[in-house]
Amino acid sequence: MNISPDPWVWIAALLSLAIFSFLYKENPFYRIAEHLFIGVANGYAVTFYWHNILMPTLFDPLFRQGKLLYIIPFIIGILYFTRFIPRISWLVRIPIGITIGYYVGVSVPATTQAFIIKQIQGTVLTSTNFQAWNAGSWGIVWSVIVFIGVLCSLSYFYFSKEHKGVLGVTSRIGIVFVMIGFGAAFGYTVMARISLLIGRLQFLLGDWLGIIQ
Amino acid sequence: MKFIERLTTIDRRIIYIILVIVVVIPLISRSPERVRVMLPVEKLYNAVDTIPKDKVLIIDFEYAPQDMPELEPMGFALLRHAFEKRIKVLALCLFVQPLGLAQKALTQVTEEFNSVAQSNADSIIYGRDYVFLGWQPPPLIPIIGMGTSITNVYPSDYYGNKTDTLPLMKHIKNYNDVALLVSLCAGSIPRSWIAYAQNRFGVAVAAGVTAVSAADFYQYYQTGQFTGLMTGMKGAAEYEELVETRLGIKKSRKASEALPSLTYGHLVMIAFIIIGNVGYFMQRRRRK
Amino acid sequence: MTLILLTAIFALAPPGEVRAYDTPGDRGEAITIEWQLSQDDAVLDGYEIYRSEDGVDFQKVGFLGRGRTNYEDETDDDKTYFYKVAAVSNTARTLSEPTPQVISSPQWINRTKINIFIAMFLFGGFILYFIYHARKGKELFIRKIAGLQAVDDAVGRATEMGKPILYSLGLGYVEDIATIASLNILSEVAKKCAKYDTQLICPNNRPIVYTVAREIVKEAYTEVGRPDAFDPDSVYFLTDSQFAYAAGVSGIMVREKPATNFLIGYFYAESLILAETGASTGAIQIAGTDSLAQLPFFITACDYTLIGEELYAASAYISREPLLLGAIKGEDWGKLIIGTVLIAASIVGIFTKFPILDFFR
Amino acid sequence: MKRTFPLILVFIFGIIGIITFIIPHPIVQNLDESIRNDILKILVAFALVLGLGSLLKVHMDKIKRKRENWKYSWILIISFLVSSIIGLFGGVEGAGPLRTSIGSFHFDIQTLYENIFMPLGATMFALLAFYMASASYRAFRARSYEATLLLITAFIIMIGIIPLGEKISPHLPSFAQWIMTVPNVAGQRGILLGVALGIIATSLKIILGIERSWLGGGE
C-alpha cells in the first residue's frame with residue numbers, strides 16, 4: 001500500500017466514488033458530481049474557444065491585422081443571436097442555411113464514393129479481391145461469402161416486395177449475416193464496457209491507493 | 001431444481017460485487033499476458049514503421065475521458081513508436097474534449113524520451129520533432145482544408161504559436177506531405193477522414209477505435225480504405241506488444257496489464273448470460 | 001556481393017523510362033514525374049529530381065528514398081519545364097535523359113471522379129422521381145413490417161390487463177430521422193390507446209421533442225374523437241441528463257409495471273438500462289433504432305426490434321407521408337442498382353481480364 | 001422572403017459543396033477554401049457561443065423558478081465560471097497573467113481537466129460495465145432464432161479475443177478474426193449501403209428545398 005499524498009489524486013478519486021454511488025441509487029453526491037462535470041467541461045471548452053478559435057481566426061485578423069472583409073462573416077455570425085428577438089428571428093436561418101447547405105452538399109459525393117462505390121469495389125468478385133485476403137485460394141471462398149452476404153442482407157432491407165419466393169430465401173440468409181454482425185458488435189461492446197471499469201480501477205487501485213504499481 | 005431457481009434470482013448488488021472481484025483480483029495479482037498480434041494491427045505498425053523521412057504522421061487524438069482506457073494506450077504506443085524511429089508527428093483534435101488527453105499523452109511520452117536523452121539531437125523537441133496543432137472546429141474544416149494547406153487551417157497551434165514559424169511546418173504543406181493519418185476515435189470520425197480527406201486528396205488513413213464500433217469499421221479495413229485497424233483494449237495491447245518486442249521499449253503497458261481482468265470479465269459475463277437463459281427456458285417450459 | 005559494390009562505385013544504372021506530365025485532374029501548379037526503378041535500386045540512397053526551364057541548366061528540386069517511383073513537383077502554370085532524374089548513392093550519381101518539355105495547367109473536370117457523379121445522378125434521380133410520384137398521390141407499395149403488426153397486440157394486451165403503455169422516444173433531437181420516425185409511430189400508438197382507453201406514459205429527454213410529442217398525442221386523441229380522454233400529464237419532460245433519464249424511466253417501469261414498453265428513436269448507451277429493466281418487469285417490449293451500436297441489446301432484450309431502415313419504412317408505412325414513402329421507394333431502386341452492378345461486375349471480373357475494379361475507384 | 005431566401009442559400013451552398021469534388025480548377029477551389037476558412041470556421045465559433053449561452057440560460061431559469069434540484073445548478077454555474085476564468089486568464093499552459101499555482105500546488109486548466117473532468121467522465125461510463133453485467137444476467141435472452149445466432153456469435157468473439165482463446169485452441173482467435181473480416185463485413189455492408197442511400201436521399205431533399213424542417217416553425 002502506498003497511498004497518494006497528492007490532493008488532486010484524492011479529489012479525482014472521491015469524485016469517481018461519487019459517480020459510482022449512482023449504482024446504489026441516485027443521490028446528492030452523484031448530482032453534485034454530474035453538475036460539476038458539465039460546469040468544468042464547459043469552462044474548459046470556453047478556454048479553447050477563446051485561445052484556439054476566436055483569437056486566431058476572428059479577432060486577430062479583424063482587429064490586429066485589419067482584414068476588414070472579416071466583417072461579413074462576423075455579421076452573419078451575429079445573426080445566430082436574432083433567434084432571441086421574435087420579430088427578426090427568421091434571420092437565424094441565414095447562417096444555418098449556409099452551414100447546412102455546404103455540409104449537406106459535400107456529403108453527397110463523399111458518401112457516394114466512400115460508402116457505396118468503394119464498398120462495391122471491395123465486394124466484386126475478381127482476382128485482385130481474392131488476393132487481397134492474403135489467404136491463398138481460400139480468398140476466393142471468403143470473397144464469395146462476402147458477395148452473397150452483401151446481396152442477401154441488402155435484400156432484407158428491400159421494402160417494395162413481400163418477403164416471399166426468392167426474396168424470402170435471400171432475406172432469410174441476409175438476416176443471418178446481419179445477426180452475425182450484431183453478435184460481433186455485442187461481443188466487442190462487452191469488452192469495451194469492461195475495459196472502462198478496468199481503467200477506473202487501475203486509477204483507484206494504482207494512482208490513488210497504490211496497491212498496484 | 002431449487003438450486004437452479006435460486007441461481008436465477010440473484011440480487012443485482014451481488015452481481016455488481018462479483019464483477020468487481022473478478023476484475024480486481026487479476027489486477028492486483030499482476031500476471032501480464034502476451035497477445036498474438038493480428039493482421040490489422042501489424043499492417044498499421046508496418047505502415048507507421050515505413051514512413052519516409054520527408055513525410056509526417058498525423059495522429060488525430062479523438063478520445064474523450066470515457067474512451068480513455070481503450071484508446072489512450074494506443075496513443076502512447078503510437079507516439080513511442082514514432083518518436084523512437086524519429087518519425088515526425090503532427091497531433092490534432094477535431095473536438096474540444098480530447099484536447100487535454102492529447103496534451104497529456106504528448107507531454108508524458110516526450111518526457112519519457114527526454115529524461116534519458118544525452119544530447120539535443122537525442123531529445124524530442126517541440127516544433128522540430130512534433131507539433132500539436134490543437135483544435136479547429138467544425139471537424140470538416142480541417143479534414144478537407146488540410147488538403148490545400150495545413151497552416152491555413154491551423155494559423156496557430158495549441159500553445160498559441162504561429163504555425164508557419166515552426167521549423168517542422170516549413171516542409172509540410174498539405175496531405176501530399178503526410179504519409180499516414182491515424183485517427184484514435186470512439187465515434188464516426190475515422191469514417192469522415194476516408195469520406196472527405198482520402199477520397200478527395202488520397203491520403204492514407206488508419207484507425208484505432210473503441211470496441212463498440214469495431215464491428216462496423218472492419219468493412220473499411222477490408223476495402224483497404226483503412227491501411228490498418230486497432231480495435232479496443234485488445235488492439236491496443238497488440239500494438240504495445242509490437243512496440244515492446246520489435247523496438248525493445250519497455251514502458252508501462254496499460255492495455256496488456258488489463259488483459260487478465262478482461263479475460264475473467266468476459267467469462268463471468270458469458271456465465272451470467274447462460275445462467276439467465278437457463279432460468280428463462282425453465283420458466284417457459286413450466287408455463288407450457 | 002563485391003560485384004554489386006563495384007558496379008555501384010563505378011557506374012549506377014540510371015532510372016528508366018522517365019516521364020513528366022501535367023498532373024491530371026488537379027488545380028494546376030503541379031507536374032508529376034514518373035520513372036522505373038534503377039537496376040541498382042538496392043544499393044542506392046535514392047533519387048534526385050532535376051528541373052530546367054530551358055533544357056540546359058538543371059537545378060535539383062527534390063530527393064526521394066530508394067524504391068520510390070514518382071514525384072510531384074510544384075510549378076508555375078504556363079511555363080515550360082524539362083526534368084531529369086538521377087540515381088544516387090554516396091559515391092556516385094547517374095542522370096537520366098531529359099524529358100520532353102511539359103507545361104502544367106489547371107483542369108475543369110477531374111475525370112477520375114466521373115463515376116461518382118454518374119452514381120449520384122442515378123440514385124438522386126430515382127429518389128426524386130418517386131417523391132414526385134408519391135406527392136401526386138400515386139399508390140406506392142411497401143411491405144408490412146413485422147414489428148408493426150405487434151403494435152395492435154401490444155395495445156390490446158395492455159387494455160386487457162388494465163395496465164399502461166410506456167413510450168420512450170430516446171435521446172435523439174427532433175431533427176434526427178429516428179426521432180421523426182418514432183413520432184409517426186407514437187401517433188399511431190396514441191390513436192390505439194385513445195380508442196381502447198388505455199393509459200399512455202411518455203417521458204421525454206429533449207425539451208423540443210417533448211413539445212412536439214405532446215401535440216402529436218393530443219392530435220391523435222382528437223382524431224379518433226376522444227379529445228376529452230387526453231391526459232395532459234401523460235406526456236412530460238423528465239430530465240435532459242442521460243443517466244438520470246435512464247434511472248427515471250426505469251423507475252416508472254418498476255412502479256407502474258406497463259404492459260408494453262415502446263423504445264423507439266435514437267438511443268445511446270442507456271438502451272441497455274432501459275431494455276433490462278423492461279425485460280425484468282415482464283412487459284412486452286417493442287424497440288426500434290438506427291443506432292447500430294445499440295441494436296444488439298435491443299434484439300436480445302426486446303420482443304420485437306425494428307432494425308435501422310426498417311424503422312424508417314415502418315414510419316412511412318404508418319404515416320403514408322409522400323416524402324417518406326418516395327424516399328423509401330427511391331432507396332429500394334438504389335439497392336436494386338447496387339445489386340445489379342455487383343453481379344454484372346463480378347461476371348466481368350471472373351470471366352474476363354478486364355480491369356473492372358477501375359470503375360469503382 | 002423569410003423562407004425563400006434561406007432556401008436559395010441552401011441550394012447555392014449545397015451545389016458549391018458538390019461541385020468542389022469534381023472541379024479542380026482554382027476558381028472553384030479558392031472559392032471553396034475561403035468559404036471554409038473565412039465563413040464556416042467563424043460561424044461555428046458563434047454557434048458554440050450560442051450553445052453555451054443556452055445551457056447557462058437553462059440553469060439560470062432553473063434557479064430563478066426554483067425547479068426541482070435547482071440548487072445543483074449553482075454548482076454547474078460556479079464551476080463553469082471558476083474554470084473559465086482560470087482557463088481564459090491562466091492560459092493554456094498556466095503561463096497567462098493569472099497565477100495558477102501556490103507553491104507546488106497547481107490549479108491551471110490542464111490540471112482541472114485531468115483531475116476533475118477526466119475522472120468524472122471516465123467513471124460515468126464505467127457504470128456501464130455494471131449495467132452490462134446485470135443485463136447479461138436478467139435481459140439478454142435467446143428469445144428467437146435471430147437472438148440465438150447473435151448470442152452464439154458474441155460468445156465466440158468474446159472468447160476468441162481474450163488470451164484464453166489462444167490457450168483453448170490457436171484456431172479460435174483466427175476464427176474470431178475471420179468472423180470479423182468475412183461474415184461481419186458482409187452484414188455490416190448490407191446495412192451501410194442502405195444507410196448511405198438514405199444520407200444521399202436526405203441531402204438531396206434538403207438541397208432542393210423538398211425537406212424544410214430545418215427552417216423551424218414560423219413563416
Side-chain angles (χ1 to χ4, degrees), chain B residues 10 12 15-16 18-20 23 33-36 38-40 64-69 97 99-101 103-104 136-138 140-141 144-145 148-149 152-153 158-160 199-200 214-216 218-219 221-222 231-232 234 259-260 262-263 265-270 272-273 275-277 280-281, chain D residues 20-21 29 32-33 36-37 40-41 44-45 47-48 91-93 95 109-110 113-114 117-126 129-130 132-134 136-143 151 154-155 157-159 161-164 166 170 173-174 177 180-182 184-189 191-192:
Chain B
I10 306 173
R12 162 198 303 268
I15 292 188
Y16 291 169
I18 294 175
L19 180 67
V20 171
V23 171
E33 296 260 10
R34 300 228 87 94
V35 284
R36 172 148 51 118
M38 292 297 178
L39 195 60
Q66 64 262 29
D67 328 304
M68 200 171 58
Q97 293 90 354
L99 272 174
L101 280 163
Q103 161 72 358
K104 178 175 171 246
Q136 282 298 339
L140 273 197
I141 300 293
I144 300 176
T148 8
S149 162
N152 275 3
V153 182
Y158 174 83
Y159 307 101
N199 277 348
R200 214 158 132 182
D216 177 22
Y218 265 91
Q219 52 188 327
Y221 165 73
Q222 188 264 346
T231 49
K234 164 81 178 339
L259 284 178
L262 210 54
T263 303
H266 278 193
L267 291 181
V268 85
M269 290 283 187
I270 293 175
F272 283 153
I273 296 177
I275 295 169
N277 273 286
Y280 171 73
F281 281 106
Chain D
T20 53
F21 211 83
Q29 293 298 322
D32 179 39
E33 199 181 353
R36 276 185 279 109
N37 283 351
L40 295 176
K41 215 160 125 180
V44 79
L48 290 171
V92 174
E93 280 188 295
I109 192 72
Q110 177 75 12
Y113 176 94
E114 282 185 26
F117 179 72
M118 229 166 72
L120 286 173
T123 315
M124 229 171 257
F125 280 77
F130 294 100
M132 180 68 90
S134 99
S136 294
Y137 177 67
R138 306 201 309 168
F140 299 149
R141 300 282 183 261
R143 60 185 76 234
L151 285 176
F155 285 174
I157 295 287
M158 281 161 74
I159 295 180
I161 54 182
I162 52 179
L164 179 73
E166 186 89 37
S174 313
Q177 186 72 28
M180 294 306 283
T181 41
V182 181
N184 167 56
V185 161
Q188 301 278 357
R189 192 166 287 162
I191 298 172
L192 175 73

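Just so we're clear, the structure is a prediction, and the values are computed from it rather than from any experiment. Letters A, B, ... mirror the listed sequences (proteins, then strands); counts begin at 1.
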With side-chain contact (heavy atoms from CB on, under 4.5 Å) as the test, would you mind laying out the steps for B/Tyr221 and D/Val185 before giving the verdict? CA-CA 9 Å; B/Tyr221 165 73; D/Val185 161; over 6 Å; no
Begin with the C-alpha distance, continue with both residues' side-chain angles, and end with the deciding distance and a verdict on side-chain contact (heavy atoms from CB on, under 4.5 Å) for D/Met132 and B/Met269. CA-CA 8 Å; D/Met132 180 68 90; B/Met269 290 283 187; 3.7 Å; yes
As a quick check of understanding, evaluate side-chain contact (heavy atoms from CB on, under 4.5 Å) for D/Leu164 and B/His266, giving each step before the final call. CA-CA 10 Å; D/Leu164 179 73; B/His266 278 193; over 6 Å; no
Residues D/Glu166, B/Arg34; criterion side-chain contact (heavy atoms from CB on, under 4.5 Å); working and verdict: CA-CA 10 Å; D/Glu166 186 89 37; B/Arg34 300 228 87 94; over 6 Å; no
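Contact annotation for B/Ile10: both backbone and side-chain heavy atoms come within less than 4.5 Å of a heavy atom of chain D. Heavy atoms of B/Ile18 lying under 4.5 Å from chain D are absent altogether. For B/Lys234, the part lying near chain D is the side chain, with the backbone staying farther off; criterion is any non-hydrogen pair under 4.5 Å. Neither the backbone nor the side chain of D/Ala47 comes within contact range of chain B; no heavy atoms are under 4.5 Å apart. Proximity to chain B is limited to the side chain of D/Leu48, based on heavy atoms less than 4.5 angstrom apart. Of the atoms belonging to B/Tyr158, heavy atoms from both backbone and side chain fall under 4.5 Å from chain D. Residue contact with chain D, scored on non-hydrogen atoms closer than 4.5 Å, involves the backbone and the side chain of B/Thr263 alike. Neither the backbone nor the side chain of D/Ile157 comes within contact range of chain B; no heavy atoms are under 4.5 Å apart. Contact annotation for D/Thr20: both backbone and side-chain heavy atoms come within less than 4.5 Å of a heavy atom of chain B. Of the atoms belonging to D/Leu151, it is side-chain heavy atoms, and not backbone ones, that fall under 4.5 Å from chain B. Contacts of B/Gln136 with chain D are made by side-chain atoms alone, with heavy-atom separations under 4.5 Å and no backbone atom involved.
With sequence neighbours left out, the ring pair (Phe, Tyr, Trp, His ring centres under 6.0 Å) criterion links D/Phe117 to A/Phe37, D/Tyr113. Listed by chain and residue number, D/Asp32 satisfy the salt bridge (Lys or Arg N to Asp or Glu O under 4.0 Å) test with D/Arg36 (two or more places apart in sequence, or in another chain).
The minimum heavy-atom distance linking B/Arg36 with D/Pro170 is given by the pair NH2-O, 2.7 Å. For the pair B/Pro65 and D/Ala122, the tightest heavy-atom approach, listed with the atom from each and the gap, is O-CB, 3.6 Å. Closest approach of B/Pro137 and D/Val44 over heavy atoms only: O-CG1, 3.5 Å. When all heavy atoms of D/Ala133 and B/Leu19 are compared, the pair lying nearest together is CB-CD2, 4.0 Å. The nearest pair of heavy atoms linking B/Tyr16 to D/Phe130 is CE2-O, 3.4 Å. The heavy-atom pair separating D/Pro173 from B/Met38 by the smallest distance is CB-CE, 3.5 Å.
In this structure, B/Ile273 CD1 and D/Arg141 CZ are separated by 9.5 Å, a value rounded to the nearest 0.5 Å. Remark: D/Met180 CE to B/Gln219 CD distance equals 10.5 Å, nearest 0.5 Å. Distance check: B/Gln103 CD to D/Glu93 CD gives 6.5 Å after rounding to the nearest 0.5 Å.
When the candidates B/Leu39, B/Val35, B/Asp216 are compared by the number of heavy-atom contacts under 4.5 Å with chain D, B/Asp216 comes out ahead. Per-residue counts of heavy-atom pairs under 4.5 Å with chain B were compared for D/Leu192, D/Ile109, D/Ile159; the largest is that of D/Leu192. The candidate with the highest count of non-hydrogen atom pairs below 4.5 Å against chain B, out of D/Thr123, D/Leu40, D/Val92, D/Ile191, is D/Val92. Chain D forms the most heavy-atom pairs under 4.5 Å with one residue out of B/Phe281, B/Tyr218, B/Tyr159, and that residue is B/Tyr218. Counting heavy-atom pairs under 4.5 Å between each of D/Phe21, D/Phe155, D/Tyr137, D/Phe125 and chain B puts D/Tyr137 at the top.
Counting only distance, with no hydrogens or angles, the side chain of B/Arg12 and the backbone of D/Ser134 share no donor-acceptor pair below 3.5 Å. Here the side chain of B/Asn277 pairs a donor or acceptor atom with the backbone of D/Phe140 at under 3.5 angstrom. Panel note: side chain D/Asn37, backbone B/Gly145; no donor-acceptor pair is recorded below 3.5 Å. In this structure, the side chain of D/Lys41 engages the main chain of B/Val153 through a donor-acceptor pair within 3.5 Å.
The side-chain heavy atoms of D/Met158 and B/Ile270, taken from C-beta on, include a pair separated by under 4.5 Å.
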